Amino acid sequence: MINSLDFVKVTESAAIAASRWLGRGERNIADGAAVERMRERLGEMAISGRIVIGEGERDEAPMLYIGEQLGRGGYEVDIAVDPIEGTNLVANGLPNSIAVLAVADRGALLHAPDSYMQKLAVGPKAATVIDLDVSVKENLDAVARAMDKRIEDLCVIILDRPRHAELIKEVRASGARIRLISDGDVDACIATALPNTGIHVAMGIGGAPEGVLAAVAIKCLGGNFLGRLMPRSDEEAARAKAMGFGDLKRVLTLDDLVAGDALFCATGITDGDLVKGVRIVDGYAQTHSILVQSAGVVRFVDATHRLPA
Ligand code: VTB
């Protein structure tokens with residue numbers, strides 16, 4: 001039996017390593033530090049882990065590459081990681097960067113290609129009413145009704161990108177409010193499924209691997225997430241097809257993205273909607289993490305780590 005807290009220790013370590021690079025303009029060095037710590041900690045665990053979502057293909061990523069086997073042996077699990085979700089956020093000292101990990105039974109996580117994904121995420125109350133094939137307005141009307149809110153009281157979170165100009169226009173025309181973010185849609189999507197974040201819907205196109213990570217947490221929390229692959233080029237489309245995605249236009253449901261028992265945990269690097277960031281105080285690092293499991297329990301884990309002198 002794996003102790004889920006052991007996975008929290010993995011994201012804690014990655015977040016502490018990343019936090020050393022806060023605002024120093026070095027996204028790649030920060031990422032490298034977090035990757036190294038995460039890999040080291042996973043390697044110490046009594047699991048037979050296999051990375052299914054990681055830093056890239058084997059030839060481009062020396063650590064935490066897709067297919068890498070980690071652990072001392074034990075329960076067979078598939079692992080999805082994003083040692084720093086929001087490297088630019090860390091490099092610029094901006095909110096909402098997290099160290100992220102999802103673990104599931106072997107074969108349970110969708111092997112998402114390194115491509116874009118159209119996403120639509122909501123919390124439990126609106127879980128059954130969303131549809132990726134209807135208009136923005138229809139979705140927001142349905143969500144407002146399901147949440148017993150006026151559409152003007154909904155807050156939709158969207159990555160601030162030129163590709164979302166039309167989407168932003170449509171959301172504004174519906175009357176709903178918007179929070180634009182520069183990066184980090186894993187945090188944004190999950191925030192829709194937690195109470196009291198003030199975020200009700202996440203919409204738009206972001207990374208496909210990030211979609212799977214968010215889906216793990218949202219499934220456990222009882223919300224809903226729908227995705228559709230959006231290859232950026234013919235080459236990406238061909239790669240997705242080669243990975244078994246026959247119909248690229250197909251809507252991916254939560255069950256497609258996460259097919260079995262799973263666990264999600266994230267530790268804040270900078271302060272965010274889910275958790276606070278790492279604080280370094282008098283030789284100690286304080287961390288704040290979220291741990292979500294299939295049973296529908298959310299745990300917030302605070303820890304104080306004595307740092308080596
Ligand atoms: C997306 C989003 C991530 O980077 O991958 C984004 O899912 C990159 O998008 O959360 P662009 O290609 O438009 O820059 C993040 O925001 C951070 O990794």
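Model, not experiment: these values are computed from the prediction. Start at 1 and go down the list; that is how both ligands and their atoms are numbered.
- With hydrogens left out, the protein atom closest to atom 2 (C) of ligand 1 is Asp185 OD1, 3.5 Å, a heavy atom.
- Counting protein heavy atoms only, atom 10 (O) of ligand 1 is closest to Glu85 OE2, 2.6 Å.
- Residue contacts with ligand 1: Arg163 is placed with a nitrogen or oxygen under 3.5 Å of a nitrogen or oxygen of the ligand (distance criterion only).
- Residue Leu109 holds its CG atom at 6.5 Å from CD1 of Ile53, rounded to the nearest 0.5 Å.
- Of the protein's non-hydrogen atoms, Gly207 N, 3.2 Å is the one closest to atom 5 (O) of ligand 1.
- Inclusion of Tyr116 in the set of residues having an N or O under 3.5 Å from an N or O of ligand 1 is warranted.
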Between Val143 and Ile130, does the side chain to side chain contact (heavy atoms under 4.5 Å, CB included) criterion hold? Intermediate values first, please.
CA-CA 7 Å; Val143 172; Ile130 54 169; 3.8 Å; yes
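- Atoms CD1 and CG, on Ile290 and Leu194 in that order, are 4.5 Å from each other to the nearest 0.5 Å.
- Close approach of ligand 1 to Gly184 (heavy-atom distance below 4.0 Å) involves ligand atoms 10 (O), 15 (C), 16 (O), 17 (C).
- In this structure, Lys119 has a heavy atom closer than 4.0 Å to ligand 1.
- Of the N or O atoms in Val186, none lie within a sub-3.5 Å distance of an N or O in ligand 1.
- For Met117, the closest heavy-atom approach to ligand 1 does not fall below 4.0 Å.
- The nearest protein atom to atom 8 (C) of ligand 1, hydrogens excluded, is given as Arg161 NH2, 4.1 Å; this is a heavy-atom distance.
- The distance from ligand 1 to the heavy atoms of Gly206 drops below 4.0 Å at these ligand atoms: 7 (O).
- Looking only at heavy atoms of the protein, atom 16 (O) of ligand 1 is closest to Asp183 OD1, 2.6 Å.
- Between the side chains of Tyr116 and Arg163, at least one donor N or O sits under 3.5 Å from an acceptor N or O.
- Rounded to the nearest 0.5 Å, atoms CD1 (Ile178) and NE2 (His164) are 11.0 Å apart.
- Residues Val100 and Val81 fail the side-chain proximity criterion, which asks for heavy atoms closer than 4.5 Å.
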Starting from the C-alpha separation in whole Å, work towards a yes-or-no answer on side chain to side chain contact (heavy atoms under 4.5 Å, CB included) for Val278 and Gln286.
CA-CA 6 Å; Val278 176; Gln286 293 171 345; over 6 Å; no
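- Put simply, the side chain of Val251 reaches to within 4.5 Å of the side chain of Asp133, judged on heavy atoms.
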